[in-house]
Amino acid sequence: MAEIDLFTAFAKKIIAESDYTTDDEIYLVNQIMGLVGETNHNTASRLVDDDSVTTLALLDQLTAVAEKNGTLALRQMNTDMLGAQLMNFIVPRPSQVRKMFWEHYQQSPRQATDYFFDLSQRSNYIKTREISQNISYPVDTQYGTLQITINLSKPEKDPKAIAAALKNKNQQQSQYPVSQLAKENEGYWGRLDYAARTNHRVIPITLGHEKWYFQYSPYAYFNEHAIVLSEHLRPMHVDRENLSRLLEFVSKFPDYFIGSNADLPIVGGSILSHDHFQAGRYELPMAKAVMKEKITIAGCDLHEAGILNWPMTTIRLIDDDREKLLNAADRIMMAWQNYDDASLSIRAYGDDGERHHTVTPIVRFRSGLFEVDLVLRDNNTSDTFPDGIFHPHPDVQHIKKENIGLIEVMGLAILPPRLKTELAEVAQYLLGNDNNIAEKHQAWADTLKQSEVINANNVTHIVQQSVGQIFSRVLEDAGVFKNDQSGQDGLEKFIKQIEVGE
């Protein structure tokens, strides 16, 4: 086999993955050399010209050359920034990507999203290698099979930092791009304190007579995990207007579900300051949940409506008429926004008039019908539960203390990376080996030790399954009407308001 230099090898990968041709090879070699700070490609290490050498493996070697040459320090760059610039050769310019997307869309929406998703993966905008490091497994619960992921690819945000970012609007307005979700991220080189987006592309779409943008998440939590973001920097808002946009989106892309995080701190997602949705071609556990009770909604003759068998209070609405669904959802949201039940610590407004109630909405299109799931949320705090009354309680925060956002509401746990090593120490403790078990896990581990017959063959399974059951409890904590007698009695009172149109 012939040996070629590193720069030529990478140029050939670009040609194979893009619209460049062999006529562009010398140009590409020189561009690559310039980016890594090399002046003579003959000094580069030699390697076998073999298809088994991946594009990402070559990318690692190129960034190593740049580090050795001092190029990164000289240009105040990191490997993420350089990597995005190198992989940008694979991605056509934005206008061409958009043209290709809509040409594919004329054949089918699925063909358009397949094109865009494949491009986003090949260009390493979607961090497939990092995502593959996540630990994922299913757990059967009384609500169905939940999915557990220990996230090793993307850091989680502290709930208090999320709330502070929402309030600090002046600082956000002065930075560029104004948000990690802003359209101005397309092609942005990044900074040492801001992610590189050189190889990033977005697709403009129209929702509610406004321009929005469709993109994929670089750290996807599920298949074709997409972000749909407003052109305008404005806070998240969950209301009839945005619910109408969710329904319009699944009309345009029926293979995808779409949802919105709640629009209040504690119960909201990680970015509340920029109006956006999350979508994907994936069936999350909530989609499989069944109705445990049918309901009617005053003035709204729907195909079907009911309460889901789910740890968080969820109302599902089904019909083929988007306007009827909007009317029914609006009635529920307005009733919930002003609903109080002191016996269950449910309080619509604070003493200062601050709103505490909202919903997490999810929309799908299945079997010719639209489905709208409305998850009731309450962000009150108390002396007993300063992090949130309807938030993971202290006894389960050793597993999950972060916000319960849209994805977790739907049954996919995004657990913090600290658990990889912490749970390994729990396993060693359960086996009676030397360990450094964290104090916060001690009571839980002692309970497991007393209730299970544990050995080296089953310890990982026992720990993982217990974590899954704790996540189920986490979702129950976030539920406003608990799945006990008093909670269900309270839910019945709320539903009566909807049914009689009070």
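- In this structure, Tyr194 has its ring center under 6.0 Å from that of Tyr188.
- A salt bridge links Asp80 with Lys127; the closest basic N to acidic carboxylate O contact falls under 4.0 Å.
- A ring-centre distance under 6.0 Å is found for Tyr216 and Phe117.
- Inter-residue side-chain proximity for Arg201 and Asn88 is flagged as met; some heavy-atom pair is nearer than 4.5 Å.
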Verdict with supporting geometry, Tyr256 and Tyr282, ring-ring contact (aromatic ring centres under 6.0 Å, His included): CA-CA 7 Å; Tyr256 277 53; Tyr282 189 72; over 10 Å; no
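- A salt bridge links Glu283 with Arg366; the closest basic N to acidic carboxylate O contact falls under 4.0 Å.
- Note on Glu210 versus Arg245: salt bridge recorded, some NZ/NE/NH1/NH2 to OD/OE distance being below 4.0 Å.
- Considering only heavy atoms from C-beta on, Ile437 stays 4.5 Å or farther from Gln428 through its side chain.
- In this pair, Tyr105 and Trp102 present their aromatic rings perpendicular. The plane angle is above 60°, beyond the 30 to 60° band.
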Step-by-step side chain to side chain donor-acceptor pair (under 3.5 Å) determination, Asn242 to Asp275: CA-CA 9 Å; Asn242 265 0; Asp275 211 4; 3.1 Å; yes
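- Inter-residue side-chain proximity for Met236 and His274 is flagged as unmet; no heavy-atom pair is nearer than 4.5 Å.
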Stepwise side chain to side chain donor-acceptor pair (under 3.5 Å) check, Ser273 with Arg234: CA-CA 6 Å; Ser273 55; Arg234 63 188 180 211; over 6 Å; no
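- Phe214 has its ring centre no less than 6.0 Å from the ring centre of Phe277.
- A centroid separation of less than 6.0 Å is found between the aromatic rings of Phe222 and Phe257.
- Salt bridge status for Asp255 with Arg281: absent, with no side-chain N to carboxylate O gap under 4.0 Å.
- Asp19 and Arg93 are not joined by a salt bridge, as no carboxylate oxygen comes within less than 4.0 angstrom of a charged side-chain nitrogen.
- The pair Glu25-Lys13 does not meet the salt-bridge criterion, since no charged nitrogen lies less than 4.0 angstrom from a carboxylate oxygen.
- Under the 4.0 Å criterion applied to side-chain N and carboxylate O atoms, Glu422 and Lys440 are assigned as salt-bridge partners.
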